[in-house]
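Following: one structure in structure tokens, then a few remarks.
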Amino acid sequence: MMGVVDINIKALQYQVAFGDVEENIARVREQFDRAELKGTDVVVLPEMWTSGYDLENIQKHACQDLEPAQYVVSELAQEYDVNIVAGSVANIKDDPDEVYNTAFVVDRSGALVYEYSKMHLVPMLNEPEYLTGGKDKVETFTLDGNTCGLVICYDLRFPELFRDLALKGATSIFTVAEWPMARKAHWEVLIKARAIENQCYLIASNTYGEIGDQEFAGRSMIIDPFGKVVDEAADHGDAAVTGQLDGNEVARIRKAVPIFDSRKREMYHFL
């Protein structure tokens, strides 16, 4: 089974500037400078880190095929010798009228490893009015020998998406978010539930504070395959949530509580 290499993670929590791409690029560089990344293998950024939810002006803020965000992140990956799960950005691909909420990953060399556009758009934040839902299924990708998955915020409410990734071999799933304070209790429960039910690590990076007309919940965290909190941040304040992911722990938990062997796929209507 892939995913048996120990890796050191830092999930960054900080406040995104509403609708100010240049300021947000500066903030990302500042976070990297402050995060003490020696010995770190993977750094995780939150959702919509270039613009926040300034949806009324989202076409103006959107990247074009991930640029300039990918260039900035690739530079940081090479400078700090880290893989980066680069949160998500507003992104235009082919049709200028279609803006996606796209997360992406680069490796230590700065090369693009994977990208995923959010398929579940958030009615509570009016995403469907301004954004186009992703059309591609989620897939796994590999970082430093580990099989990983990546989802975005509202995806957390869809357990079938996480199970799909776990069945494809994911031992670590990254969740990048701008999760509102109004539903903080759901965030805390669902992050742990997705880790427990799929017996994998959940690494969650969220923003905090008032951004536009919303307040976001912070509480970035890393959860192990048994549901234990490895590290977590407070509701407010910048933080670098830190933990070592032990791929052998995933195998141990899956052997001790063999839910994947106990599944009865022939009895389920939806899978």
Subject >> Expected output: side-chain Y268 to main-chain K264 donor-acceptor under 3.5 Å >> reply: yes
Subject >> salt bridge (charged side-chain N to carboxylate O under 4.0 Å, His left out) partners for K192, two or more places apart >> reply: none
**OP:** Check W179 against R183 and note the closest heavy-atom contact, atom names and distance.
**Re:** NE1-O, 2.7 Å
Original post:
For atom NZ of K135, is the number of surrounding heavy atoms from other residues, nucleotides or ligands below 6.0 Å larger than 12?
Top reply: yes
Original post:
Any donor-acceptor pair under 3.5 Å linking the side chain of N91 with the backbone of L66?
Top reply: yes
Original post:
How far does CD1 of I9 sit from CG of D231, to the nearest 0.5 angstrom?
Top reply: 12.0 Å
Original post:
In chain order, what residues pass the side chain to side chain donor-acceptor pair (under 3.5 Å) check against N57, with sequence neighbours excluded?
Top reply: D54
Original post:
Among side-chain atoms of S117 and T102, is any donor-acceptor pair under 3.5 angstrom?
Top reply: yes
Original post:
How many angstroms lie between CG in L121 and CG in L131, if you round to the nearest 0.5 Å?
Top reply: 6.0 Å
Original post:
For the rings on Y114 and F104, is their centre-to-centre separation under 6.0 Å?
Top reply: no
**OP:** Please list, chain by chain and in numerical order, all residues satisfying salt bridge (charged side-chain N to carboxylate O under 4.0 Å, His left out) with K168, sequence neighbours excluded.
**Re:** E139, D164
Subject >> Inter-residue atom distance Y100.OH - D94.CG, 0.5 Å rounding >> reply: 7.5 Å
Subject >> Counterpart residues, ring pair (Phe, Tyr, Trp, His ring centres under 6.0 Å), relative to F18 (two or more places apart) >> reply: none
Original post:
Partners of T207 by side chain to side chain donor-acceptor pair (under 3.5 Å), sequence neighbours excluded?
Top reply: none
Original post:
Partners of R219 by side chain to side chain donor-acceptor pair (under 3.5 Å), sequence neighbours excluded?
Top reply: E188, E232
Original post:
Is it true that atom CD of Q59 has more than 12 heavy atoms of other residues, nucleotides or ligands lying nearer than 6.0 Å?
Top reply: yes
Original post:
Can you list the residues that meet the side-chain contact (heavy atoms from CB on, under 4.5 Å) rule with D261, with sequence neighbours excluded?
Top reply: P258
Subject >> Check: D213/Y53 side-chain N/O donor and acceptor closer than 3.5 Å >> reply: no
Original post:
With sequence neighbours excluded, what pairs up with K118 under the salt bridge (charged side-chain N to carboxylate O under 4.0 Å, His left out) test?
Top reply: E47, E127
Original post:
Nearest 0.5 Å, what's the SG-CG distance between C153 and L125?
Top reply: 7.5 Å
**OP:** Looking only at non-hydrogen atoms, find the nearest pair between A170 and R254 and report the distance.
**Re:** O-NH2, 3.2 Å
Original post:
Do you know which two heavy atoms are closest between P128 and V122, and how far apart they sit?
Top reply: CD-O, 3.4 Å
**OP:** Could you go through the side chain to side chain contact (heavy atoms under 4.5 Å, CB included) check for H61 and V99 one step at a time?
**Re:** CA-CA 10 Å; H61 303 316; V99 182; over 6 Å; no
Subject >> Residues T242, K10; criterion side chain to side chain donor-acceptor pair (under 3.5 Å); working and verdict >> reply: CA-CA 5 Å; T242 303; K10 284 188 184 288; 3.0 Å; yes
Subject >> Heavy atoms of other groups near M124 CE, more than 12 under 6.0 Å >> reply: yes
Original post:
Got a sec, which residues hit ring pair (Phe, Tyr, Trp, His ring centres under 6.0 Å) with W49, two or more places apart in sequence or on another chain?
Top reply: none
Subject >> Check: Q13 side chain, G237 main-chain N or O, donor-acceptor pair, under 3.5 Å >> reply: yes
Subject >> Single-linkage hydrophobic cluster I211~I58, side-chain heavy atoms < 4.5 angstrom >> reply: yes
Subject >> Side-chain donor/acceptor of S88 to backbone N/O of M48, under 3.5 Å >> reply: yes
Original post:
Is the OH atom of Y71 crowded by more than 12 outside heavy atoms at less than 6.0 Å?
Top reply: no
**OP:** Specify the closest pair of heavy atoms between L150 and I173, including all atoms of both residues, with the distance to one decimal.
**Re:** N-CG2, 4.5 Å
Original post:
What heavy-atom pair brings A166 and N198 nearest, and what distance separates the two atoms?
Top reply: CB-OD1, 3.7 Å
Original post:
Side chain of S74, backbone of G110: donor and acceptor closer than 3.5 Å?
Top reply: yes
Original post:
Side chains of D155 and Y116: is there a donor and an acceptor less than 3.5 Å apart?
Top reply: yes
**OP:** Run the numbers on E160 and R163 for salt bridge (charged side-chain N to carboxylate O under 4.0 Å, His left out), then give the verdict.
**Re:** CA-CA 5 Å; E160 56 269 41; R163 179 51 56 89; over 6 Å; no
Original post:
What is the distance from atom CD of E215 to atom NZ of K184, rounded to the nearest 0.5 Å?
Top reply: 9.5 Å
Original post:
Does Y154 have any side chain to side chain donor-acceptor pair (under 3.5 Å) partners at least two apart in sequence or in another chain, and if so, which?
Top reply: none
Subject >> Between OG1 on residue T40 and CD1 on residue I7, distance to nearest 0.5 Å >> reply: 11.0 Å
Subject >> Side chain S205, main chain I203, donor-acceptor under 3.5 Å >> reply: no
Subject >> hydrophobic_cluster_shared for Y208 and V229, side chain cutoff 4.5 Å >> reply: no
Original post:
With no hydrogens and no angle check, do the side chains of S51 and K60 hold a donor and an acceptor under 3.5 Å apart?
Top reply: no
Original post:
Where is the tightest heavy-atom contact between C63 and A69, given as atom of each residue plus distance?
Top reply: SG-CB, 3.7 Å
Subject >> Any donor-acceptor N/O pair, N206 side chain to S220 backbone, under 3.5 Å >> reply: no
Original post:
Quick one: salt bridge (charged side-chain N to carboxylate O under 4.0 Å, His left out) partners of R108, sequence neighbours excluded?
Top reply: D41, D81, D144
Original post:
Do D224 side-chain atoms and F226 backbone N/O form a donor-acceptor pair below 3.5 Å?
Top reply: yes
Original post:
Which pairs with one or both residues in residues 21-30 pass salt bridge (Lys or Arg N to Asp or Glu O under 4.0 Å), sequence neighbours excluded?
Top reply: E23-R27, R29-E75, E30-R34
Original post:
Side chain of W187, backbone of I191: donor and acceptor closer than 3.5 Å?
Top reply: no
Original post:
Is it true that a side-chain atom of Y201 and a backbone atom of D246 form a donor plus acceptor pair closer than 3.5 Å?
Top reply: yes
